[in-house]
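Structure, as structure tokens:
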Amino acid sequence: MPNVYIGNLSYTVTEDDLRTLFSTYGAVERVSIVQDRDTGRAKGFGFVTMTNTDDADAAIDALDNSEFSGRNIRVNLAKDREPRRDHRDRDSRGGSGGGARYGSYSSRDTERSSSWRSDRERGDR
């Protein structure tokens with residue numbers, strides 16, 4: 001079953017609105033509007049799963065870049081979601097791993113700063 005991506009949705013659009021819009025072009029299996037985990041507010045995009053590839057193609061051709069609920073929506077075939085990487089599966093380009101801790105002094109830093117002070121106090125610098 002083809003999964004169709006719909007982007008640039010108005011935040012007021014409901015899943016029923018999308019189901020009604022897409023059912024004009026064929027049978028709709030499932031509709032979901034992606035929501036923010038923290039706020040529960042719609043993120044402005046969603047997905048419609050249609051039962052037939054020809055119906056999905058017809059909907060994409062008719063609806064892409066068309067006006068819906070005050071906005072020009074983007075409609076295309078959804079790409080497969082890439083699997084999420086496990087946090088232990090990091091490559092060498094990132095992540096934490098220590099390094100300098102700013103604001104702290106090592107014994108070498110205090111030796112250097114104290115010798116600088118004594119030089120300055122003596123007028124050598």
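Keep in mind that this is a model prediction, so the values were computed, not measured.
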Would T14 and D17 satisfy side-chain hydrogen bond (donor to acceptor under 3.5 Å, both in side chains), going step by step from the backbone distance to the final call? CA-CA 5 Å; T14 66; D17 295 335; 3.2 Å; yes

Applying side chain to side chain contact (heavy atoms under 4.5 Å, CB included) to F22 and I6, what does each step give before you reach the verdict? CA-CA 11 Å; F22 277 81; I6 306 98; 3.6 Å; yes

Let's go through L9 and L18 carefully: what are the C-alpha distance in whole Å and the side-chain angles of both, what is the deciding distance for side chain to side chain contact (heavy atoms under 4.5 Å, CB included) to 0.1 Å, and is it a yes or a no? CA-CA 10 Å; L9 287 172; L18 282 182; 4.0 Å; yes

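Of the possible donor and acceptor atoms, none in the side chain of N8 sits under 3.5 Å from a partner among the backbone N and O of R74.
In terms of heavy atoms, P2 sits closest to T51 at CD-C, 4.5 Å. Between M1 and T49, the closest heavy-atom pair is CB-CG2, 3.8 Å. Of all heavy-atom pairs between A27 and D55, the closest is N-OD2, 3.9 Å.
Pairs of residues two or more places apart, or lying in two chains, that qualify as side-chain hydrogen bond (donor to acceptor under 3.5 Å, both in side chains) and include a residue from residues 30-44 are D36-T39.
Cluster membership for L77 and V31, using ILVMFWY side-chain heavy atoms within less than 4.5 angstrom, is shared. In the hydrophobic clustering of ILVMFWY residues, with side-chain heavy atoms under 4.5 Å counting as a link, V48 and F68 come out together.
Taken to the nearest 0.5 Å, the CZ atom of F47 stands 11.5 Å off from the CD1 atom of I33. Atom-to-atom distance recorded for M50:CE and E29:CD is 11.0 Å, nearest 0.5 angstrom.
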Would you list the atom pairs, donor with acceptor, under 3.5 Å between side chains in residues 56-67 and any protein atom, with sequence neighbours excluded?
residue: D64; atom: OD1; partner: V75; partner atom: N; Å: 2.9
residue: S66; atom: OG; partner: L63; partner atom: O; Å: 2.6
residue: E67; atom: OE2; partner: G70; partner atom: N; Å: 2.5

